[in-house]
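Everything below concerns the one structure shown next.
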Amino acid sequence: MMHLMTGLLPLGFHLAGWRHPDAYEHQTMNLEQAIEVAKLAEAAKFDMLFVADGNAVRQMDNPDLFEANSISDRPAVYDPVTLYAALSQHTSHIGMLATSSTTYEEPYITARRFASLDHLSGGRSCWNIVTGSYPGDSVNFGFAEHVEKSVRYERSDEFVEVCKGLWDSWAADAFVEDKSSGRYLDASKVHTLNHVGTHFSVKGPLNVARMPQGYPVLCLAGQSEAGREMAAKQADVVFSVASTLAEAQAFYADVKRRLPAYGRSADELKIMTGVTVYVGETEAEVDELDAQLQALIEPRVGVAYLSKLVEMDLRGYDVDGPLPDLSGDTNAIAAYRIMIRAMSEREGGLTIRQAYERVLPSMGQTVVKGTPVQIADQLEEWYRGGAADAFNVGFPVMPTGLRRFAELVVPELQRRGLFRTEYEGTTLRDSLGLRYPVNPYFPAPASVRPVQPVNGEAL
Ligand SMILES: Cc1cc2nc3c(=O)[nH]c(=O)nc-3n(C[C@H](O)[C@H](O)[C@H](O)COP(=O)(O)O)c2cc1C
């Protein structure tokens, strides 16, 4: 069964999508819109929602992007876990992927926030473990410049180990709450971590009870060598950024082949490819939407956003001249530079304008365009062809894109037996078919069921 996620992004997944007449008005800090998106996605049986995040107001020295409200640099957003705490009370099954950095935060606080969200949502929390893709975040945390990537990954690895240790603090049945004896908890059912490592010293235990899922679902986005290795070791879900089937298949095979070294089987790590879907009842309808949106991209904004993606200032170059050499690693998101370079090579060399015109309609994700049958054909090809277990589906204009997908594409996927018609259980681990982590200190029972009423019903 394929898995589907969509971004909780009322802006839409085209750089100019928010300017389209059908797009949401007044998106800034708008909780009602977030609730609407979450409910639409849940009604369509999506596995989960996604909120990307950073810890800074970005692009202030780049007015073209700053004023354009570019998707990944939004200057005013909710903290993801706080937002999901609110959404958890308006939904009952959909999972909640929240981004949180291991470079700038402390494991105790992060472990506590995700454990709290898991309780509040009845077992639907998911952590997008990032090391921080934006150098400008560093200056808000006492660093003069972006922490070097290998150090970020080393710290991240230890950070996650500490969080897991903290989440194993309590047996699921530690809180006996026996009124007659006056014994609130069973003191033999708590474990103190006593971690002392290279980056952290954390005694524990965590002051949150064992969460319904044991651990939140763990997701990683890094695409570099270090990112892939960490995904094989730690993650339940890993993002994949690819612009062709062959690229996606190569990434899929490369990451899956690393799992046995960590004693894991191929289905313990789901690979999630980003796609941006343009769907209509006819191809003409889709082409018209595409043309409307492309016309809304100002060239100076296009060049500025492409510069950001490839981590190279392209403003001094001729917009109709060739893309400069993009070889070499970056200190931010390697995946976009690799993907754009490959795209240019495949097409015999692109100009800067051609490159941004291809990338911005999808913000770097693969574009899937057409009628419901054409969209389902492509998703099926990638799913059956060993390129993806799951799709992170973006829509150029919100909420119309999600509505159309739910009405037109989801039934086609269901008809083919590729997508669920009902949720398999109540937690995100149930939806994704993932095992529940066993607490090594208190092996049974593996998890507790949520006690919190969600959406008015006890689960
Ligand atoms: C699809 C995708 C989504 C990401 N989302 C975020 C995010 O929300 N916040 C963030 O700080 N980094 C984000 N990243 C950055 C990664 O977590 C990682 O730090 C970065 O890609 C550098 O590692 P790499 O060179 O291994 O790719 C994202 C990366 C990808 C590919």
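Model, not experiment: these values are computed from the prediction. The analysis underlying the following values was restricted to heavy atoms, covering all of them including side chains, and did not include hydrogens, waters or symmetry mates. Residues take their numbers from the sequence shown, with the count starting at 1. Whatever order the structure lists them in is the order used to number ligands and atoms, beginning at 1.
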Consider every N or O of [X] and every N or O of ligand 1, then say whether any pair is closer than 3.5 Å.
X      : value
Tyr134 : no
Tyr336 : no
Arg152 : no

Practice task
Using heavy-atom distances, let me know which of Val130, Asp53, Val51 sits nearest atom 9 (N) of ligand 1.
Solution key: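 Considering heavy atoms of Val130, Asp53, Val51, the nearest to atom 9 (N) of ligand 1 sits in Asp53.
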Handout entry: Part of Tyr153 within contact of ligand 1 (heavy atoms, under 4.0 Å)
Key =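 Looking at Tyr153 and ligand 1, just side chain atoms fall under 4.0 Å.
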Short list, please: which atoms of ligand 1 are under 4.0 Å from a heavy atom of [X]?
X      : answer
Thr131 : 19 (O)
Lys149 : 24 (P), 25 (O)
Ala52  : 8 (O)
Thr99  : 7 (C), 8 (O), 9 (N)
Gly132 : 11 (O), 19 (O)
Ser224 : 24 (P), 25 (O), 26 (O), 27 (O)
Val241 : 31 (C)

Practice task
Please step through salt bridge (Lys or Arg N to Asp or Glu O under 4.0 Å) for the pair Arg258 and Glu225, ending with a clear verdict.
Solution key: CA-CA 11 Å; Arg258 296 171 193 246; Glu225 180 59 29; 2.9 Å; yes
Practice task
Report the C-alpha distance between Arg416 and Glu412 in whole Å, list the side-chain angles of each, state the deciding distance to 0.1 Å, and finish with yes or no for salt bridge (Lys or Arg N to Asp or Glu O under 4.0 Å).
Solution key: CA-CA 6 Å; Arg416 297 179 187 201; Glu412 180 61 25; 2.9 Å; yes
Exercise for the section: Classify the ring geometry between Tyr215 and Trp167 as parallel (under 30°), tilted (30 to 60°) or perpendicular (over 60°). Expected result: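 Plane angle between 30° and 60°, so tilted.
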Problem - Plane angle bin for Phe391 and Trp382 - parallel if under 30°, tilted between 30 and 60°, otherwise perpendicular - result: tilted
Exercise for the section: May I ask you to test the Leu289-His20 pair for a side-chain heavy-atom distance under 4.5 Å? Expected result: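 Touching, per the 4.5 Å side-chain cut-off.
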Exercise for the section: Could you tell me whether the side chain of Val202 reaches within less than 4.5 Å of the side chain of Glu106, counting heavy atoms only? Expected result: no
Problem - Closest approach of Gln33 to Glu25 (non-hydrogen atoms, all atoms of both residues) - result: NE2-O, 2.7 Å
Practice task
Identify which one of Val238, Asp236, Leu434 satisfies the side-chain contact (heavy atoms from CB on, under 4.5 Å) criterion when paired with Leu218.
Solution key: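 Testing each of Val238, Asp236, Leu434 against Leu218, the sole residue satisfying side-chain contact (heavy atoms from CB on, under 4.5 Å) is Asp236.
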